[in-house]
Structures are given as structure tokens and as C-alpha cells.
Protein chains: 2
Amino acid sequence: MDSMTTPAVQASRGPVTRKDVARYAGVSTAVVSYVVNGGPKKVAPATEAKVQDAIRVLGYRPNAAARALKLGSSETLGLVVPDISNPFFALFSHAVEDAAAALGYALVLGNSDGNLAKERRNIRNLAARQVDGVLLASVLFEPDLEVLETAEIPSVLLNQERDAPGFNSIGVDLAAGARIAVEHLIGHGHTNIGLAMGTNVSGATDGREVGWREALQEAGLPEGPIVYSAFTRPGGYTAGQRLLASVNRPTAIFATSDMQAIGLLRAVHEAGLSVPGQMAVASFDGSAESEYSWPPLTTVEQPVAAMAEAAVAALVGASRGEKPRHRIFPTTLHVRQSCGCP
Amino acid sequence: MDSMTTPAVQASRGPVTRKDVARYAGVSTAVVSYVVNGGPKKVAPATEAKVQDAIRVLGYRPNAAARALKLGSSETLGLVVPDISNPFFALFSHAVEDAAAALGYALVLGNSDGNLAKERRNIRNLAARQVDGVLLASVLFEPDLEVLETAEIPSVLLNQERDAPGFNSIGVDLAAGARIAVEHLIGHGHTNIGLAMGTNVSGATDGREVGWREALQEAGLPEGPIVYSAFTRPGGYTAGQRLLASVNRPTAIFATSDMQAIGLLRAVHEAGLSVPGQMAVASFDGSAESEYSWPPLTTVEQPVAAMAEAAVAALVGASRGEKPRHRIFPTTLHVRQSCGCP
DNA sequence: CACCCGTATCTACTCGAGTCAACAGGCCAG
DNA sequence: CTGGCCTGTTGACTCGAGTAGATACGGGTG
């Protein structure tokens, strides 16, 4: 009875190739190609029907490797991130996968684990696999472009503020984003605002630190205490402890990532202080986690989906000969309760 | 000066092929292959040196598509998850990527977004790309195996309790895990323990519900209220609101995922109740997020890394003809503060 | 000196799909 | 009735790498 509903599957041996379809449909292999790809030559409707039928009955699926070999494109993009289990990169990866899938591209993922050697290895690996482009969220503020250059693959640098000539890059305006967050905190009447700054392998100064400083200067306020630590929950936790212990304890803190803020909240809670009453907090990223912390975090949201789309578009464009460009996206302040708003 | 440190790159046109290397080294293309792959025939040391030199100078990188076509294997694994931005799957993906990379495999990622059609499309896509195996975390408790079967690819079903004959599967003992968590809650003296149960596309009963019920029965306690909602933060949030509003409000709740628990915590905080004082909470997964919620969550930890390794090993084994098997991993209770422990 | 054998290398075919030049057949104009 | 043209179809070559089978070479033995 089952055999009546499902077409007889040619279980025989090995995968079905174009040749099998051609034989079954009584046509040449070229026609099968024309039908599958809708060109470049036209096929008579009756013939097309026969071929479609054969494809369905035999369960034919074109071999992507052969296709990639002939066309010189694997319809695949590579994404290298420091750590996919970081919610921000997870969100970003999802957006990239969506954007890539919409254009028929698959996504190969690589984690560099904050390790430069691993980042390089990943890139080389992707290059050997003939990916059509790679999206790189480097562990460095300023990535070493040499590997990318020698690999001769279209690429997009993510989260880069600096313009790297000859490369596509996508980033957000970190300084402006930090500024609106700090200004919002100032608007709540805070005069001593600390900074929990994330650190990176390279020593370059991050735009968020600049934005924090600018906002304070413009308001004529003194700089609050700064603590440098990792862009992680534990990093934020220790940063929080140190900030709370500092001689002039701030009444508000700007954290440079949501994860840091989450860790920071824990430190504040453990110290028995109320948020935002005794300690206001604002952070950066706009991840889903920030909405469900307690209290919910006021955070600077990055337009992740738009950035992912732009990154994929740049890659696809590059394979068509478009020239690289540098795009900076604006951020928006997402006001919740950790800052003091009701 | 730069040209002194880096070898003269044959920038000419197009990528370098085996033929170019052969010509440059003055040997045949076969020898180049033998050198690159270390076999299947031996090459004289002097010749090998010449070839290695040519490879370095020309920057030769074997074309993975051609290799995949000839060998029928792309050294690539596919991973299909409902949503990579779910911290649990993000963590899992990272572990899978690590395990795959260690064996020289690349990982292609696909999100199904809780959508069965998209899940199928992803699988078909991976099949066409000649991946050597796919890891599937289905949106269904009981996945439809048909797509996998017709695709004829080694596969591993993730998070499956049920044994699907002819398929590899990897899961945790959901019932046992839930039971230890609920037993722990009972140990704190709770007699009315609610359940925030996650739902799935299929209607099958989840082991966690079974475990919760078993623990209560064994202790001679009545069943607390159950609320069904999505396995997400918003899902946990609404579940929390409904549980708090139920006629016999529980004094403790077991949530079937960390994300639900996070949402639930928010609902409890908003209601002005203290955790664990007025409402104790325990959950399932053991994600990093659970450690930094307020209060930190007592949660049932899944051995993610071990499961990922086993899954990848099963796939690689399958391509060597090993027969499929079903593995269930044990969970461990990670005690923190949300249950009432100090 | 002819013969055999082992080693090193090369030639040529293969994988599956894309596509172009060549070709068959039908139709209409002259 | 023939020539030309348009439509549909086909055979054959190509992409780059793996490798079996053929071949060249050198050294030792009878």
C-alpha cells in the first residue's frame, strides 16, 4: 500500500546522476541540464515534462561538487567568529545564514576562540574549500589582512571601525552609540559614570571608550572610573566588583557589551545594591539576553539583520566585480529599566 | 624590499592548478598529486623538494570541489538546528565545530526556525552539497525520517530519546534529569511544584514531563500545575505569569529549559516575589546564561561537548561502514541559588 | 652482453554537470 | 519542389584532481 503512494524509488546503487535521468527520460544529458537550470537553451514543454518526471521518479539531485568545479563557485560563504556561543555572534550568524540562504548560499562556520592562529587556520581552510567569500569577525580590532590577501577571496571585515583599503568592511558607529547611552545616563542626573571596557588581543582604543569620554566632556563632567576586562559575563562580573570597590564608586556604569552588563548585574546584586536605584546600568549590543535580565537592560542596539544582509550582499557583489566599500551602521538606544526609566 | 621577504607571487590570472605546479616543477601532474597527498605512490626526495618548492612559490591550493567530485566526499558535515541564537544550540554548535575541525571536517550550518518545511529544505540542500553527514536537531520530538532516508546520507538525530532503527541518535536521559531536579526541589521541602513545559511541533510527550511526574509520585506528592509554552524566554515569561495566577500557586517551579527559566524569573520578579524565598526555580540545559541570571539558576546540565564528539564520531564512523547506534548521555545537577541552596 | 627487476615517473581515463557548435527535422516563402 | 530558417536536440569537450596501467631508466645477475 505504501508503494502506491510513494513513487518507486530506484534504490539500486550509488547516487543518481544526470546520465541516469537522461536515459530514463530518453533524452540527452544536455537536455537534463537545460531543464534543471532553466537554460541556457529552451526545451520543448513535452520533453521538459518527461525530464521532470524522470527527476522525480529517480530522486535525482545534481552533484554540487561537480557543479562547483565547472562553475568555479561553490555557492558557499564562510563565517569566522571568535565564539559562536557568544549570544551576539550567535544572533549575527543566524542573520547571516538567513541572508545567505535567501541568495542560495550555504554557510560554513568556524570559531577562532579568540586565538589568532586558529583564525588564520580557519581562513586558509575556507580558501581551500573554494568558498565564494568569507565574513571575518576578527579577534583583533585591526585584523591582519595578509592571510586574506594571499587567499584572494572576497571578504568582509565585521565590526571594524577603521577603513581597510581594498577590503569590504561593516561596522557600527561605536562612539556615537556609546555616547547616546552615556548621555541618557547623564539625563537621569548621574554625575559619576563608570566604564566597564572590554579588551581585545590588540591594544587599539575602542570607539566605545571614546564615546563615553566625549559624552562626559560635553556635559562638563569628570571621568568616572574605568575597568578593563574581557567582553564576557565573567569579565563583566569582575569589572563590576572592581568598580564597586573603587574609591569614588560611580552611581551609574556603562558596559561595552550586554554580556559584561549581565555579569556586572550579578556583582551589583551580590553587593546588595538595587538596580537602577543605587546603581544604574546601560550597555551595548541589543542581544535578546538583555531583555530578560533583571532588571531588563537599557542597551544600544546594533542593527544585526541589516548588517548581515549588507555583508552578504557585499560578498555576492564582489564576485560580480563590484569594488569594496566600508559601511558604518547607526545604532539605536533601547530604553528599558536598568537605567532608571520606569 | 617587500619582494625580498615574500616569495614572488604568480599573480597572473585565475587560480593556480596542479598543472601549473607540474609545469613549474618540470614534472607530471600525477607527481604533484602524489606529493600533495603523500601517496599512493612514492616520489623521490629530490623531486618532492622541487614540487614543494613550486607549490610554495605559486601559492598552489588544491581545488576542494574537484577533489570532492573525484573522491565523492567533501570532508564536510552539516548541522541543522532550530535556531543557532538559542544559547543551547549555540553551545552545541561550537562543540560540534570543534569536534569536526579536529577530524578535518568543515561544518555547514542551517537554521530551521522551528519550521518543518525549512528543516526539510535544509536537509535536501545539504544532501545536494554532498556533505558526508548531517547532524539534525529536529523541530519535531519525532523527526520525519523520510527526507533523511531518501537523501541517503549518514545522519545523527540529536536530542532524541526514542530509538529510530537504522539511524544514529544521541540524546540525554530527559526523564532522569528532570527527576533529580524535582527531587532536589522536594528536598528543600516544597510540596507544590509546578511545571513550565516546553512545546514542540509534534504532540509527543517529553521525557522531562515524565520525570517531573515520577519524582512527585515517588514522594507521594500531588501534581502541581502545568503550563505549556514555547522553549523560549518569552515562552517562560508567559508560563510564569500563568503559573503565578493559577488557583493553587506553586512554591517551586521546574522549567524544561534555561531560557524558559530566565523568562520565568522575570515574571516572578515583576510580581514582586523573591527567588528562591517565595518561589524556587530549577531548570534544564546548563547553558552559560543560567550561571549569570539573578539568582543563578540551579539547572540540569547536559554534557554538550561529549555529545557533540559522539555525534561527529558516529558520522565519521558511518562513512567507514560502522552501523548506527543510539546513545543516551547522563545529566548532572548543577546546584546554584535559585532552588534555595545558599 | 643480454636479461630481468625494482623504482620513479608519465599518460590517460574518470568523477558529474555546464554549454557550445553541430545537426535533424518541420515549416513557409519563393 | 527546393532553399533557407527556426526550433529542439545532441555529441563532445571542459573544469581540476585521483590513480591505474603503461613506460622509462638504471643496476645487478647469469
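Order of the sequence lines sets the chain letters (A, B, ...), proteins ahead of strands, with each chain counted from 1. All of these numbers come straight from a predicted model, not from anything done at the bench.
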Phosphate-side-chain proximity, B:Ser33 and D:dA17, N/O vs OP1/OP2 below 4.0 Å: no
Would you mind reading off the distance between B:Leu71 atom CG and D:dA20 atom P, rounded to a whole angstrom? 12 Å
Sidechain N-carboxylate O distance under 4.0 Å for A:Lys50, A:Asp53: no
Of the options D:dG18, D:dT10, C:dT9, whose atoms approach the side-chain atoms of B:Lys41 most closely? C:dT9
Every protein N/O within reach of nucleotides 12-15 of chain C N/O, cut-off under 3.5 Å:
{"unit_1": "C:dT14", "atom_1": "O2", "unit_2": "B:Lys70", "atom_2": "NZ", "d": "3.3"}

Length of the line joining B:Arg23:CZ and C:dT11:P, which is rounded to integer Å: 13 Å
In whole Å, I'd like the distance from the CZ atom of B:Arg129 to the C1' atom of C:dA17. 15 Å
Check the distance between D:dT10's P and A:Lys42's NZ and give it to me in whole angstrom. 17 Å
Check whether any side-chain N or O of A:Asp20 sits under 3.5 Å from a backbone N or O of A:Thr17 as a donor-acceptor pair, and report yes or no. yes
Check every strand shown and say whether A:Val43 touches a base, only sugar-phosphate, or nothing at a heavy-atom separation below 4.0 Å. sugar-phosphate
Ignoring backbone atoms, test whether A:Arg67 places a side-chain nitrogen or oxygen under 4.0 Å from the OP1 or OP2 oxygen of C:dG18. yes
Main-chain N/O of A:Glu75 paired to A:Asp132 side chain as donor or acceptor, under 3.5 Å: yes
In terms of heavy-atom contacts, B:Ala308 and B:Ala99 come closest through O-CB, 4.3 Å
Measure across B:Val316 and B:Leu103 and return the closest heavy-atom pair with its distance rounded to 0.1 Å. CG2-CD2, 3.6 Å
Respond yes when some side-chain nitrogen or oxygen of A:Tyr34 is under 4.0 Å from OP1 or OP2 of C:dC20, and no when none is. no
Using modelled atom types only, decide if a donor and an acceptor are shared between the side chain of A:Asn63 and the backbone of A:Ala65 within a distance under 3.5 Å. yes
Need one value for A:Val32: base, sugar-phosphate or nothing, where a base atom within 4.0 Å counts as base even if backbone is also close, heavy atoms only. nothing
